[in-house]
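It should be emphasised that the depicted structure is a prediction, and the values quoted were computed from it without experimental measurement.
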Amino acid sequence: MSEQQELVRPPESVRSNPILDADDWTAMRERARKDPGAFHGEIAKRELHWYHPDARTWATVTDDEWRGFDGTCDPVTLERPATADPWETAFDDSDPPLYRWFVGGQTNACFNEVDRHVLAGHGEEVAFRFEGDRWDQSRNDGRGGPVVSEAITRRELLYEVVVRARVLRNLGLETGDRVALNMPNVMEQIYYTEACKRLGVVYTPVFGGFSDKTLSDRIAELDAEVLITADGGYRNAEVVPYKERYGDPALDDYLPVETITDVVADALGSLGVPDDRAARIESAVEETLAGEITADRADAMRGVGRALEASDVSPDRATEIRTGVAQALVDADHVVDDVVVVEHTGQEIQLYDRDRWAYELEAQASEQVLAAAREAGFEVTSEDDLFGLDDRAFARALWASSEPVPVDAEYPLFVIFTSGSTGKPKGVVHVHGGYTWSPIRAGSPASRTR
């Protein structure tokens with residue numbers, strides 16, 4: 001046997017597909033149909049890592065034991081009582097179609113997608129092979145190839161995610177806060193979404209081809225404190241200015257309808273408008289904006305104008321009311337506090353007080369990650385020192401800055417909105433346990449949950 005043949009020989013122990021024929025498939029499908037909780041639960045226990053709060057351990061679960069990693073990233077095995085599952089109820093169908101999975105269990109999507117692979121010693125494996133949108137026809141002897149192409153290992157992925165988690169923490173985000181992302185096809189999109197998962201920050205991804213109004217609607221509906229975007233992206237060999245075409249007008253040209261109605265009511269009170277007349281104006285504004293999530297200020301003013309035209313207010317007083325309400329609306333802000341801008345195309349853009357260059361935030365966060373590792377006892381002064389550690393020590397050093405946060409299996413992970421082509425967009429909530437296990441793909445009732 002040649003050396004090449006020896007290299008490609010399969011391992012002695014392999015995991016094979018237990019479904020060998022149609023009868024096996026039918027039998028498995030029937031078990032899933034009769035008892036979804038037992039069927040999917042048995043697989044989820046051994047395939048996903050669950051958090052044991054008393055032992056501070058992330059582990060998979062078998063009939064006999066919990067096996068995984070403790071808070072110091074060391075391997076640990078815990079004896080499991082025969083009746084102890086990582087959750088209270090595997091599948092709760094008591095309130096259809098609002099099914100719930102792994103109720104009472106704790107997990108974290110980022111740990112399952114990122115950390116555990118490094119802890120298991122697979123840090124040098126490639127996690128992502130990324131190719132950018134731009135194409136260079138001169139590459140590969142004229143066959144063409146992407147301008148940007150890179151392989152990201154599992155260790156690199158963990159590091160980049162932890163740095164972004166530190167960025168989000170520095171912006172004041174905590175578990176339960178919300179983030180919107182409007183980005184081109186760049187790896188930073190993965191890094192920031194995984195960072196959100198790590199912290200239990202709920203996010204919504206907004207397709208880069210949607211309008212500024214659509215972006216504004218989704219930001220408002222989620223009540224996002226932070227928008228993550230880019231200076232631009234590439235589409236059909238053209239540069240698309242993301243922040244200036246979508247992000248800025250989404251935040252500057254539109255306000256959430258709830259904000260508008262509150263501002264109008266407060267302005268009318270400050271102007272001394274009698275209650276009955278103020279109520280008519282507020283009602284006209286609400287009717288004008290009915291069905292909208294966000295609206296521009298001019299739409300609100302049309303409602304104010306119609307109400308005033310139908311009243312017996314003098315022209316001078318009507319002008320005073322219009323001016324006062326208009327000024328109050330101009331002074332009102334959208335829900336976003338900070339905009340993180342990833343530099344991708346290098347084009348010049350206008351920055352506002354709310355804008356933060358991602359590379360500056362990440363440079364600061366990188367220094368904080370290294371400092372936290374040093375405080376934890378690691379002699380690291382650079383990224384090279386950090387990457388010189390073995391996989392488990394590498395993860396332990398990064399956990400000194402940002403451990404994955406255990407959350408309830410039913411805790412919101414992200415919200416994806418329907419297109420709105422047939423009605424008001426609806427937010428579809430995905431959760432840490434059910435989405436990570438993704439029983440939807442297995443054809444279980446979860447496909448009808450949310």
Side-chain angles (χ1 to χ4, degrees), residues 10-18 28 31-32 35-91 101-125 127 153-155 157-158 161-162 194 197-198 200 376 389-400 402-411 413 431-439 442:
E12 294 181 2
S13 176
V14 297
R15 297 171 63 182
S16 61
N17 188 344
M28 182 174 285
R31 290 200 302 274
D35 194 340
F39 178 82
H40 292 289
E42 284 302 313
I43 304 172
K45 278 188 288 190
R46 68 173 185 261
E47 297 297 335
L48 295 184
H49 278 71
W50 302 88
Y51 188 71
H52 192 305
D54 295 332
R56 292 190 68 239
T57 294
W58 298 90
T60 56
V61 183
T62 66
D63 291 339
D64 303 319
E65 61 191 17
W66 288 64
R67 178 177 295 177
F69 307 94
D70 63 15
T72 61
C73 299
D74 287 330
V76 63
T77 300
L78 305 173
E79 184 178 351
R80 176 195 173 214
T83 57
D85 285 333
W87 47 70
E88 297 171 6
T89 305
F91 177 55
W101 285 93
F102 316 126
V103 179
Q106 288 185 296
T107 188
N108 181 285
C110 180
F111 179 89
N112 279 284
E113 294 165 357
V114 182
D115 295 68
R116 65 174 180 166
H117 303 296
V118 177
L119 291 171
H122 303 300
E124 292 304 319
E125 291 181 357
T153 67
R154 296 190 185 279
R155 285 160 63 94
L157 176 62
L158 177 57
V161 169
V162 167
E194 288 293 343
K197 297 174 187 180
R198 188 175 199 80
L389 302 172
D390 64 59
D391 279 352
R392 200 163 292 144
F394 178 79
R396 189 182 300 119
L398 292 178
W399 279 27
S402 174
E403 290 189 39
V405 176
V407 293
D408 190 272
E410 277 289 300
Y411 195 84
L413 175 61
V431 298
H432 277 256
Y435 183 81
T436 306
W437 166 232
S438 198

Do any N or O atoms from the side chain of [X] and from the backbone of [Y] form a donor-acceptor pair under 3.5 angstrom?
X: Arg116; Y: Asn112; answer: yes
X: Gln106; Y: Pro53; answer: no
X: Trp437; Y: Trp101; answer: no

_side-chain contact (heavy atoms from CB on, under 4.5 Å) partner of Val114, the single match among Leu157, Leu119, Asn108_ = Leu157
Looking at [Y] and [X], is there a salt bridge between them, counting it only when a charged N and a carboxylate O are closer than 4.0 Å?
X: Arg80; Y: Asp64; value: no
X: Asp391; Y: Arg155; value: yes
X: Arg31; Y: Glu42; value: no

Indicate yes or no: at least one non-hydrogen side-chain atom of [X] is less than 4.5 angstrom from one of [Y].
X: Thr107; Y: His432; answer: yes
X: Val61; Y: Asp85; answer: no
X: Val161; Y: Cys110; answer: yes
X: Pro86; Y: His52; answer: no
X: Asp115; Y: Phe69; answer: no

Just how far is it from atom [atom1] of [X] to atom [atom2] of [Y], taken to the nearest 0.5 Å?
X: Ile43; Y: Lys45; atom1: CD1; atom2: NZ; answer: 11.0 Å
X: Phe111; Y: Arg198; atom1: CZ; atom2: CZ; answer: 9.0 Å
X: Phe102; Y: Thr436; atom1: CZ; atom2: OG1; answer: 9.5 Å
X: Tyr435; Y: Lys197; atom1: OH; atom2: NZ; answer: 6.0 Å

*asked:* Check for me whether the distance between the ring centres of Trp58 and Tyr51 falls short of 6.0 Å.
replied: yes
*Check whether the side chains of His122 and Arg154 place a donor and an acceptor atom closer than 3.5 Å, and report yes or no.*
no
Looking at every heavy atom in both [X] and [Y], which two are closest together, and how far apart are they?
X: Cys73; Y: Arg392; answer: O-CD, 2.7 Å
X: Trp50; Y: Ala409; answer: CZ3-CB, 4.1 Å
X: Phe394; Y: Val118; answer: CD2-CG1, 4.2 Å
X: Thr60; Y: Leu48; answer: CG2-O, 3.4 Å
X: Ala109; Y: Leu413; answer: CB-CD1, 3.9 Å
X: His40; Y: Ala32; answer: NE2-CB, 4.4 Å

*Take His117 and Glu125 through the test side chain to side chain contact (heavy atoms under 4.5 Å, CB included) and record every step on the way to the result.*
CA-CA 9 Å; His117 303 296; Glu125 291 181 357; 5.8 Å; no
*Counting only heavy atoms not in Arg67, do more than 12 sit closer than 6.0 Å to its CZ atom?*
no
*asked:* Set out, in order, the CA-CA distance, both residues' side-chain angles and the distance that settles salt bridge (charged side-chain N to carboxylate O under 4.0 Å, His left out) for Arg56 and Glu403, then state yes or no.
replied: CA-CA 12 Å; Arg56 292 190 68 239; Glu403 290 189 39; 3.6 Å; yes
